[in-house]
Amino acid sequence: AQSVTQLDSQVPVFEEAPVELRCNYSSSVSVYLFWYVQYPNQGLQLLLKYLSGSTLVKGINGFEAEFNKSQTSFHLRKPSVHISDTAEYFCAVTFAGGSYIPTFGRGTSLIVHP
Amino acid sequence: GAVVSQHPSRVICKSGTSVKIECRSLDFQATTMFWYRQFPKKSLMLMATSNEGSKATYEQGVEKDKFLINHASLTLSTLTVTSAHPEDSSFYICSAADPAGVEQYFGPGTRLTVT
């Protein structure tokens with residue numbers, strides 16, 4: 001079965017500290033991987049995506065993620081977070097050969113404390 | 001990047017009335033659009049896939065007679081919540097698939113409150 005897992009429902013961190021938000025998937029076919037951020041009462045904004053090529057992907061707002069095929073992971077990282085990074089983060093996976101409708105993780109709430 | 005708009009951004013309606021939400025792709029043609037519902041503190045739940053010129057495909061458990069979807073043109077899909085009830089109150093988000101079909105572009109969402 002194809003699935004996406006975000007193990008951490010909430011990640012608290014202090015400002016200027018590094019952070020990693022975890023995303024794992026299960027699939028027997030090739031995948032396309034996405035991270036989205038959602039601020040309160042707003043839609044989803046694409047942070048970064050992996051479609052092919054380099055497994056290290058850099059996105060907006062200083063975020064990056066690395067596609068690890070052997071570990072079926074696509075963890076999101078930022079070396080130094082800001083208060084303004086407080087938001088909900090969703091990992092999404094599209095499975096090749098299918099309908100290209102993404103499967104979303106349950107989301108991780110990043111809470112940055114001053 | 002591609003832009004998808006939604007209108008209205010928020011709406012309050014009385015129980016029993018119908019509400020229409022519009023989703024537009026502003027700078028590309030989208031043969032396929034998607035409608036999601038998001039409950040508080042929850043992930044997105046796909047409601048239906050909207051295909052231009054044909055009937056929408058609804059996910060299991062979604063009432064097609066209650067949530068009417070029309071995709072009359074390559075840039076516009078509409079979701080009409082008919083005979084709305086308080087339990088229909090939610091955040092509704094649409095998205096449009098890029099022409100290659102790999103990526104989706106999301107609208108800003110519509111907050112529906114039924115009183």
Side-chain angles (χ1 to χ4, degrees), chain A residues 2-11 21 23 25 29-53 57 59-61 67 74 86-111, chain B residues 1-11 21-26 30-51 56-60 62 89-113:
Chain A
Q2 298 166 336
S3 64
V4 180
T5 303
Q6 289 182 251
L7 283 173
D8 306 305
S9 60
Q10 207 171 78
V11 173
L21 305 183
C23 175
Y25 67 91
V29 300
S30 297
V31 295
Y32 303 111
L33 301 153
F34 307 84
W35 273 101
Y36 295 92
V37 61
Q38 185 180 34
Y39 299 100
N41 292 311
Q42 294 187 29
L44 273 64
Q45 181 181 6
L46 180 67
L47 277 176
L48 47 78
K49 61 187 176 185
Y50 171 80
L51 303 182
S52 65
V57 180
I60 62 171
N61 301 343
F67 170 47
F74 191 55
T86 296
E88 195 76 18
Y89 291 80
F90 292 97
C91 178
V93 181
T94 300
F95 302 97
S99 62
Y100 293 113
I101 298 173
T103 299
F104 284 90
R106 66 172 180 171
T108 297
S109 180
L110 175 63
I111 302 170
Chain B
V3 179
V4 175
S5 70
Q6 274 184 250
H7 178 79
S9 57
R10 71 177 56 231
V11 57
I21 302 170
E22 294 185 347
C23 177
R24 294 181 185 272
S25 57
L26 298 185
T31 55
T32 305
M33 290 184 170
F34 304 88
W35 286 96
Y36 296 84
R37 182 173 180 175
Q38 186 179 31
F39 293 99
K41 307 289 186 184
K42 297 291 185 183
S43 188
L44 279 69
M45 180 190 78
L46 180 66
M47 299 174 66
T49 302
S50 170
N51 299 296
T57 303
Y58 290 82
E59 295 299 302
Q60 191 173 9
V62 178
S89 297
S90 195
F91 194 53
Y92 293 87
I93 303 175
C94 75
S95 70
D98 74 3
V102 173
E103 185 174 348
Q104 293 193 16
Y105 303 104
F106 287 86
T110 296
R111 171 74 60 192
L112 170 63
T113 302

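A, B, ... follow the sequence lines: proteins, then strands. Residue 1 opens every chain. Every heavy atom of this structure was used, including side-chain atoms; hydrogens, water molecules and symmetry mates were not.
Interface summary for chain A: among B/Thr110, B/Ile93, B/Leu44, B/Thr32, the most heavy-atom pairs under 4.5 angstrom belong to B/Leu44.
Counting only distance, with no hydrogens or angles, the side chain of B/Ser43 and the backbone of A/Gly107 share no donor-acceptor pair below 3.5 Å.
Here the straight-line distance linking atom OG of A/Ser9 with atom NZ of B/Lys41 works out to 10.5 Å at 0.5 Å rounding. For the atom pair CG of A/Leu46 and OH of B/Tyr105, the computed distance is 8.5 Å after rounding to the nearest 0.5 Å.
Judged as a side chain to side chain donor-acceptor pair (under 3.5 Å), and not counting sequence neighbours, the contacts of B/Tyr36 are B/Gln104.
Residue B/Thr49 touches chain A through its side chain alone, counting heavy-atom pairs closer than 4.5 Å. Using a 4.5 Å cut-off between heavy atoms, A/Gln38 contacts chain B through its side chain alone, with no backbone atom that close. In this structure, the portions of A/Leu44 lying under 4.5 Å from any heavy atom of chain B include both its backbone and its side chain.
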### Task
Report the C-alpha separation of A/Phe104 and B/Gln38 in whole Å, then their side-chain angles, then the decisive distance to 0.1 Å, and conclude whether the side-chain contact (heavy atoms from CB on, under 4.5 Å) test is met.
CA-CA 12 Å; A/Phe104 284 90; B/Gln38 186 179 31; over 6 Å; no
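The two residues B/Lys42 and A/Phe90 make their nearest non-hydrogen contact at O-CZ, 3.9 Å.
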